[in-house]
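What you are looking at is a predicted structure, and each value in this text was computed from that prediction instead of being measured.
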Amino acid sequence: MALSVQPDQRRPVLVVIEHEHDAAGQGRIADQLRRRYGGDYDVVDERSGAAGLTTLESLRDRGLQVALVLCDRPPNGAGEDDGDPADAVFGQVKQLYPEAKRALVVDWGAWADRETADAIHRLIALGKIDYYALRPWRSPDEYFHRTVTEFLLEWERSVSAAPREVTVVAPRWSPRAHELRSLLVRNGVQHQFHPSETDEGRTALAAAGLADVTAPVVLLHDGRVLVDPTNSQLADAYGVNTTLGEATDFDVIVVGAGPAGLAAAVYASSEGLRTLVVERESIGGQAGSSSLIRNYLGFARGISGAELAQRAYQQAWVFGTTFLLMRELVGLTSEDGWRVLTAADGQQARARAVVLATGVSYRRIGVPSLEAFEGAGVFYGASVSEARAMAGEPVFVVGGGNSAGQAAMHLSRYAGAVTLLVRGASLAESMSQYLIDAIDAAGIQVRLRTEVVDGGGSGRLAWVELRDRATGETHTEPATGLFVLIGAEPHTGWLPERIERDQWGYLLTGPDVMESHAARRWPLERQPLMLETCVPGVFAVGDVRRRSVKRVASAVGEGSVVIQQVHQVLAATEPGRTRP
């Protein structure tokens, strides 16, 4: 071991396992890490996989945190008799430190070597590494440090015990606390959670003068204290707009801040349109709860739904988009060529064009006995905020789509056992192949033709009853967590009846409008535009639209394309208007 980590030091550790390469390269990685990060992290480096694993076990036994593990492959095939040492190292790291970021170190240009490329593909597919890192060949090597810094940022966001801007203190299985924490996560607000029955929780409450309070308490870094706040009060506290200012007239109003709505906002605002986005819950929509999206263009290492949504939110905000969050809309009417939107609290805004990007929500599981455990073991969506609470526990994920697969993979880092329950006969019809392969490699059990029919516990979920749809047989199994990601229900019930929907509530657009009963009500000589509903100037994009492809990339595509059609409508309704 090149650097001794003292037992009383509690700084996170960066572990480097760099096998013997040429003399000029020995110690290069660890030296660069010490120079750049030595003020905040301890750096340990070893020369073999076996020594590295011994060090990692020692660090774990001493209760030290490991933030990053970098390991290369031995040169010239060394160690091949025992298999690839990197496989063994990363397989053990995942068990010892499931939250540590892991990367295979390769030389520049090594991706052209078939064996190295196969090793990268295999380790990523098996979930043993997060990505690869290029060995630094000069000092400083900023490309190498960018990779390391991104890894450390991801680690710090997920596990660091450092003080946060927001602290939530509540009973561990409080449904309301779960709702608040989920809201914070999906809106990209970093926070820490202290169960009120722990020493940390009691100390935090006592310091705030709330020792006897049992309701959820939110503590902000500037000293403000919120006791059982509403969603709007919480959002106000971390600085987002929940009320509309004096400006109520816009060129376009986007309803929904999921991927489709955010893309529409970015393109509309960047092209000079006065744009308002109204969102009833949190930035990112359903996609915001995804723990990792690996197949979105441009993010080779993958990106969480919340992170992607926050980047899009910031991008739209910088272009001048106005956001109105935590506001449920109850009406859409027409008035002198304007589309007027009304919120439940009476606030109104109007625009010449409206883009409906309200998305969908996960369908309820429909088992009455489980409803009492929502937030106390039963969760709708991936619920990233609850994953660490499932450490060592049996967990079930219900669903066969990509979101369910991503949730199962994320939970497998913590839970003692993860089982994916699928009503259908195959995953292939609804899940991407890369996820199917990853689930198999992670040892996640998949039960096809299986459904949940009952469940119970005392104060929190303790068991579920499963039924085999093929045989009808039922059996009971222990379960601490049940994560439900099944089907989808579009948010269209608040819209006026004249906006045509299909039998499931999805909005008809373009050619579908003229093939429906709504064709008789279409008032213009021109045909509806591709993404236009049966009401001129009202568009639908993303998951809420009939026939849409339920993928983040396609939602973003529709959100960007629809603005071109908005320009056409604005040009027709406002003679002389030209596109910026």
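When all heavy atoms of Tyr143 and Leu134 are compared, the pair lying nearest together is CE2-CD1, 3.8 Å. Here the shortest heavy-atom pairing between Leu104 and Ala86 reads CD1-CB, 3.9 Å. Across all non-hydrogen atoms, the minimal contact from Gly49 to Val89 is CA-CG2, 3.6 Å. Closest of all the heavy-atom pairs between Pro216 and Arg176 is CG-CG, 3.9 Å.
Salt bridge annotation for Asp130-Arg301: absent, with no cationic side-chain nitrogen under 4.0 angstrom from a carboxylate oxygen. At a threshold of 4.0 Å, the pair Arg34-Asp45 counts as salt-bridged, since one of the basic side-chain nitrogens sits closer than that to a carboxylate oxygen. Between Glu18 and Arg28, no side-chain nitrogen of the basic residue sits less than 4.0 Å from a carboxylate oxygen of the acidic one, so the salt-bridge criterion is not met. A salt bridge links Arg311 and Glu307; the closest N-O separation between the charged side-chain nitrogens and carboxylate oxygens is under 4.0 Å. Note on Glu197 versus Arg202: no salt bridge recorded, every NZ/NE/NH1/NH2 to OD/OE distance being 4.0 Å or above. The pair Glu154-Arg157 does not meet the salt-bridge criterion, since no charged nitrogen lies less than 4.0 angstrom from a carboxylate oxygen. A salt bridge does not link Glu150 to Lys101: none of the charged nitrogens lies less than 4.0 Å from a carboxylate oxygen. With respect to the salt-bridge test (charged N to carboxylate O, under 4.0 angstrom), the residues Arg135 and Asp72 qualify.
Side-chain contact of Tyr132 with Thr147: a donor-acceptor pair under 3.5 Å is absent, judged by distance alone. Defined by atom type and a distance below 3.5 Å, a donor-acceptor pair is missing between the side-chain atoms of Asn402 and Gln406. A donor-acceptor contact closer than 3.5 angstrom links the side chains of Ser232 and Arg327. Side chains of His145 and Gln32: a donor-acceptor N/O pair is present below 3.5 angstrom, by distance only. Side chain to side chain, Arg280 and Thr358 fail the donor-acceptor criterion of an N or O pair below 3.5 Å. A donor-acceptor contact closer than 3.5 angstrom links the side chains of Thr149 and Tyr37.
Between atom CG of residue Leu308 and atom OH of residue Tyr313 there is a gap of 15.5 Å, rounded to the nearest 0.5 Å.
Between Met409 and Ile439 there is a side-chain heavy-atom pair separated by less than 4.5 Å.
Taking the six-membered ring for Trp and the full ring otherwise, Tyr380 and Tyr362 have centroids separated by 6.0 Å or more.
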